Amino acid sequence: MNRKLFKSIREYKRESILAPVFVILEVLMEVLIPLQMAKIIDVGIQNGDLPYIVKMGVILVILAMLALFFGAKAGNYAAIGAAGYAKNLRHDIFYKIQDFSFKNIDRFSTPSLVTRLTTDITNVQMAYMMSIRLLARAPIMIILSLIMVLTINIKIALLLLITIPILGGILIFIAKKAHPHFVQVFDEYDVLNNSVQENVNAARVVKAYVREDHEIKKFHGISTVVFNLFTKAEKIVAWNSPTMQFTMYTVILFMVLISSEAIVTGTMETGELTSIIVYALQILMSLMMVTFVFVMIMIAEASSDRIAEVLDEIPEMEDPADAVKDVPDGSIDFENVNFSYAGKGGTLSLKNVNLHIKSGQTIGIIGGTGTAKSTLVQLIPRLYDVTEGCVKVGGIDVRKYELEALRDQVSMVLQKNVLFTGSIYENIRWGDEHATDEEVQRVCKLAQADGFIQEFPHGYHTQIVEGGNNVSGGQKQRLCIARALLKKPKVLILDDSTSAVDTKTDALIRKAFREEIPNTTKIIIAQRVSSVEDADQIIVMENGKINGIGTSEELLKTNNIYREVYESQVKGGAENE
Ligand SMILES: Nc1ncnc2c1ncn2[C@@H]1O[C@H](COP(=O)(O)OP(=O)(O)OP(=O)(O)O)[C@@H](O)[C@H]1O
Ligand SMILES: [Mg+2]
């Protein structure tokens with residue numbers, strides 16, 4: 001297994017050590033028991049010595065009870081150790097994901113992260129539990145049992161000594177054959193989870209398009225692939241048991257042959273034969289367990305690599321050593337900015353962007369879909385880093401700020417926004433967890449959300465469910481704006497955040513901004529000209545480039561794209577909808 005993961009064992013080291021210690025004690029007891037049986041048969045029964053039989057019987061029971069006690073203890077410690085280890089691993093991955101930048105998140109798909117947090121960790125947990133329980137047990141059991149057999153009959157000991165490596169070899173061969181199939185199974189799990197997650201997330205869309213049959217077929221297809229792969233792997237592993245049985249009976253046959261000769265010549269007692277058979281069984285069982293653990297470890301191997309991949313991911317953005325904590329003002333500058341989602345050398349989504357925005361200005365951004373409007377503004381709170389050039393806020397390169405300080409001052413309402421499960425109060429307080437009820441209500445008034453919230457039966461205590469499915473699209477957008485306002489940012493970015501709000505309310509929101517937060521720089525991306533018409537500057541985007549900058553009046557004279565959009569919307573009556 002990937003060694004790096006062992007760091008996460010931490011406070012569960014004690015259990016992880018105690019488990020094998022108790023396993024060893026258990027094995028010692030189990031090895032003594034057959035010896036005791038032999039004594040009862042060979043001495044007690046043969047001499048008809050009842051007190052001796054009782055005495056040895058009592059010792060036998062005590063040994064058996066001790067074995068039970070130690071075994072239970074070992075199982076307990078192994079379970080706690082492995083579950084604790086899994087808990088720590090889950091914590092570590094979760095913490096790591098919190099540090100991920102948007103770019104890091106782009107690299108792993110959500111279902112794949114979920115598989116890693118669940119199935120993969122469970123595999124590692126199982127393998128770890130079996131390892132600390134069984135890996136100590138098997139070799140000690142084999143060695144001690146062999147020594148015991150050796151004291152009784154050298155020939156049989158030799159027979160076992162030859163059988164062990166042969167059988168072990170065959171079992172490991174089987175496990176190795178099955179391994180690639182198991183690896184494939186877990187990769188296929190990702191696809192399966194992906195399908196389930198997409199379907200469940202988009203259940204409403206699936207229903208609206210009556211695509212249930214298609215989705216069921218798709219799911220059935222993937223689950224058949226998983227079924228086939230699993231069957232293939234298990235078919236190979238199924239050879240374990242018959243191989244074991246065959247070897248076991250063959251060995252016992254030879255043992256009886258050898259022993260009967262020894263018993264006839266008087267070098268061996270019948271009781272000793274019984275105990276030898278028990279020892280032989282214990283050895284073979286131990287071998288079987290080792291291969292079982294071996295298979296489990298191999299399955300977990302693939303899982304542990306996938307976990308390590310997340311833990312090893314280098315967070316794209318970290319605070320610089322002497323990070324700036326104060327954003328002086330809300331001015332924004334783009335200097336020769338090039339940006340590609342794929343990093344250097346990839347196709348550029350933003351090309352040679354130069355831009356100067358004064359603190360407190362209202363900026364509108366307009367342009368067709370896919371013209372990189374969202375991409376442009378995402379560079380301001382440093383959701384992504386520029387590929388070339390630099391972005392400054394308050395005259396300082398955004399990469400010089402402490403991330404938290406920067407994002408507290410640059411508040412952004414994302415285009416694809418979500419609310420979280422909890423009350424409206426709780427949701428708005430994502431912006432500032434210490435805000436009073438009055439402050440929450442004030443920003444909701446600003447975002448024109450107070451009105452409809454008051455109309456809910458539970459008002460501000462209304463519970464939001466499932467990312468905000470129980471409020472309307474326009475209501476959700478206004479709640480998201482309120483949440484962003486609560487931060488009292490120096491820069492407020494609205495990425496198409498009023499698209500579902502009617503024009504009248506949209507105008508009221510802008511009026512409130514003008515009056516209540518005049519010193520905040522406001523950047524508004526919109527499809528509607530009316531949303532940006534009164535801005536100090538309007539930026540027209542086209543194909544990742546700035547096509548024109550100016551006031552509405554200026555652009556009407558100089559910019560074709562703006563004029564076309566303006567005329568189509570005004571003539572189409574979109575302004576008065
Ligand atoms: N996370 C991402 N990874 C890779 N490419 C992306 C990513 N997000 C956007 N793009 C690409 O970058 C380009 C610009 O997208 P962007 O989202 O900035 O457009 P937009 O102007 O905001 O469009 P819309 O008006 O539809 O919101 C598009 O070609 C898009 O495919
Ligand atoms: Mg966009």
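Numbering of ligands and ligand atoms starts at 1, following listing order. No hydrogens, no waters, no symmetry mates; every other heavy atom, side chains included, goes into these values. Computed from a predicted structure; not experimentally measured.
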Nearest neighbour in protein (non-hydrogen) for [atom]:
| atom | answer |
| --- | --- |
| atom 21 (O) of ligand 1 | Lys373 N, 2.8 Å |
| atom 5 (N) of ligand 1 | Tyr341 CD1, 3.2 Å |
| atom 27 (O) of ligand 1 | Gln415 NE2, 2.7 Å |
| atom 28 (C) of ligand 1 | Gly370 O, 4.2 Å |
| atom 22 (O) of ligand 1 | Ser374 OG, 2.7 Å |

Interfacing atoms of ligand 1 (cut-off 4.0 Å, heavy-atom, [X]):
| X | answer |
| --- | --- |
| Ser349 | 12 (O) |
| Thr371 | 19 (O), 21 (O) |
| Thr369 | 23 (O), 24 (P), 25 (O), 26 (O) |
| Thr375 | 14 (C), 15 (O), 16 (P), 18 (O) |

[X] and ligand 1 - part of the residue with a heavy-atom distance under 4.0 Å:
| X | value |
| --- | --- |
| Gln527 | side chain |
| Asp106 | side chain |
| Tyr384 | side chain |

Item to check | Is_contact(atom 31 (O) of ligand 1), protein non-hydrogen, under 4.0 Å | outcome: no

Item to check | Student check: side-chain heavy atoms of Ile524 and Arg510 closer than 4.5 Å | outcome: yes

Item to check | N, O or S of Ser374 under 2.8 Å from the Mg ion (ligand 2) | outcome: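 Yes, within the cut-off.
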
Next on the checklist: Would you say the Mg ion (ligand 2) has Thr375 as a near neighbour, meaning an N/O/S atom of that residue under 2.8 Å away?
Outcome noted: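 So Thr375 does not bind the Mg ion (ligand 2) by this criterion.
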
More than 12 heavy atoms from other groups under 6.0 Å of [atom1] on [X]:
| X | atom1 | result |
| --- | --- | --- |
| Glu234 | CD | yes |
| Lys87 | NZ | yes |
| Arg442 | CZ | no |

Next on the checklist: Consider side chain to side chain contact (heavy atoms under 4.5 Å, CB included). Of Asn417, Val413, Ile424, Val440, which one does Arg483 pass it with?
Outcome noted: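 Of all the options given, the one that passes is Asn417.
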
Once you round to the nearest 0.5 Å, how far does [atom1] of [X] lie from [atom2] of [Y]?
| X | Y | atom1 | atom2 | result |
| --- | --- | --- | --- | --- |
| Glu554 | Asn559 | CD | CG | 11.0 Å |
| Trp430 | Lys487 | CH2 | NZ | 10.5 Å |
| Thr558 | Arg563 | OG1 | CZ | 8.0 Å |

Item to check | Sub-4.0 Å heavy-atom contact, Ala372 with ligand 1 | outcome: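 True for this residue.
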
Item to check | Aromatic contact, Phe102 with Tyr384 (centres under 6.0 Å) | outcome: yes

Checklist entry - Would Thr505 and Gln448 satisfy side chain to side chain donor-acceptor pair (under 3.5 Å), going step by step from the backbone distance to the final call? => result CA-CA 7 Å; Thr505 313; Gln448 309 300 313; over 6 Å; no

